[in-house]
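Step one of this worksheet: look at the structure below.
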Amino acid sequence: MYKSIVIGTGPSGLTAAIYLARANLKPLVIEGLEPGGQLTTTTEVENFPGFPQGIMGPELMDNMRKQAERFGAEFRSGWVEEVDFSKRPFSVKVTGQEDALQAETVIISTGASARYLGIPGEQDNVGRGVSTCATCDGFFFRGKKIIVVGGGDSAMEEASFLTRFASEVTLVHRRDELRASKIMQDRARENEKVKWALNRTPLEVVTDDKGVKGLKVRNNESGQEELIEANGVFVAIGHTPNTKFLGGQIKTDDHGYIVVKPGTTETNVPGVFACGDVQDTKYRQAITAAGSGCMAAMDCEKFLEGAMVHDWSETLDQ
Ligand code: NAP
């Protein structure tokens, strides 16, 4: 039996693992299908303190993993199918393993996954012209036309990044106002290769015998349908928290984000903690995720020492 199992290996899970391992609690860390989390699909991270020249996302995550290993964290690959938090010790069932793992405490740091538009032609062409990861797939579109869908920081970042490869990047957004921060908007606007197709609702990814041909959109001003031609469509419309495997045992909000007691990482089940994007609807930054991972490890230690008073009344009243 483990003192603590950490589910997920983004900045929050790995920071929790570093702190737990350093406190000699020998955590087991479960890596899912996307080891390292969203940062492994990012290019340069410029705002993580300590790297004045920036650092590539995958390198940052690799460093964090090595740091956790150095202090004795154990890693296992697998997909957590289900958990049982109704009795102690807690059980965590990982795919391909007959016996469920057992732990006194669990830290949930499963992050959030890229969302898709849900339009015809999209899923059939994932990996064949449709992508949610500019870093992974931008290279395949050298000298070609690309569309990025979305109006947030991710869309601005991907559009700017993809101009390194593409001859032209058209940013398609369903409203005429962007959600992205000013600095990210300005950066994309200053880039001559970025064209703008605002107030357009995506309707269909259109293909021909050579692959993706473009995106059919509705011009919300005129009501007319238009085809924006491109060889690749990058969908950058946000993320969904990975909480399905919890089977409703942990309190979540209407969008599936875990609810924690304000100012802590405590969930509604004593001994189960949540950190990172899976419980963060507001900040969602690598550094805030890492900070909450540290909090989760410290909350976990306190719980294991028997020093935690679990009082959820204020949270449940909200
Ligand atoms: P986001 O801020 O939630 O933006 C998602 C965008 O996609 C919105 O513009 C939204 O349109 C659009 N959208 C959502 N569903 C859609 C649909 N079905 N069809 C068409 N468009 C749709 O997500 P994000 O850009 O991934 O950013 C998430 C968080 O990470 C933010 O806090 C952001 O600041 C942060 N982030 C920071 C950086 C950075 O600082 N380097 C980089 C990336 C992300 P509406 O605007 O109409 O709702």
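One-based numbering along the sequence shown. Order of listing sets the numbers, starting from 1, for every ligand and every atom in it.
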Which residue and heavy atom of the protein sit nearest atom 23 (O) of ligand 1, plus the separation: Gly238 CA, 3.6 Å
Measure the distance from atom 41 (N) of ligand 1 to every protein heavy atom, then report the residue, atom name and distance (to 0.1 Å) of the closest one. Glu157 OE2, 3.3 Å
Work out which heavy atom in Val148 is nearest to a heavy atom in Ala155; give both atom names and the distance. CG1-O, 3.6 Å
Under-4.0 Å salt bridge between Lys3 and Glu104: yes
Heavy atom of Glu46, distance to ligand 1 below 4.0 Å: no
Going by atom types only, do Ser4 and Thr105 share a side-chain donor-acceptor pair under 3.5 Å? yes
I want to confirm something. Looking only at heavy atoms, which of Thr132, Thr201, Asp153 is nearest to atom 33 (C) of ligand 1? Asp153
For atom 15 (N) of ligand 1, the protein heavy atom that lies nearest, with its residue and separation: Arg115 NH2, 3.6 Å
Would you mind listing which atoms of ligand 1 come within a distance below 4.0 Å of any non-hydrogen atom of Met184? 39 (C), 41 (N)
Identity and separation of the nearest protein heavy atom to atom 7 (O) of ligand 1: Ile237 CA, 3.2 Å
Can you find a pair of side-chain heavy atoms, one from Glu74 and one from Arg76, that are under 4.5 Å apart? yes
Out of Glu177, Arg179, Arg175, whose heavy atom is nearest to atom 2 (O) of ligand 1? Arg179
Answer yes if the side chains of Asn219 and Glu226 hold a donor-acceptor pair under 3.5 Å, and no otherwise. yes
Polar side chain donor-acceptor pair, Thr265 to Asp299, under 3.5 angstrom: yes
Hey, what do you get for CZ (Arg115) to OG1 (Thr132), rounding to the nearest 0.5 Å? 12.5 Å
How far is atom 17 (C) of ligand 1 from its nearest protein heavy atom, and which residue and atom is that? Arg174 NH1, 3.4 Å
Which residue and heavy atom of the protein sit nearest atom 35 (C) of ligand 1, plus the separation: Gln285 NE2, 3.4 Å
Look at atom 24 (P) of ligand 1 and find which of Ala112, Pro202, Gly151, Ser154 reaches it with the closest heavy atom. Ser154
Looking at the rings of Phe141 and Phe165, which for Trp means the six-membered one, are their centres under 6.0 Å apart? no
Strictly by modelled atom types, are Asp280 and Ser292 linked by a side-chain donor-acceptor pair under 3.5 Å? no
Distance from atom 29 (C) of ligand 1 to nearest protein heavy atom, with residue and atom: Arg284 NE, 3.8 Å
Would you mind listing which atoms of ligand 1 come within a distance below 4.0 Å of any non-hydrogen atom of His173? 9 (O), 11 (O), 45 (P), 46 (O), 47 (O)
Among all protein non-hydrogen atoms, which one is nearest to atom 19 (N) of ligand 1, and what is the separation to 0.1 Å? Leu117 CD2, 3.3 Å
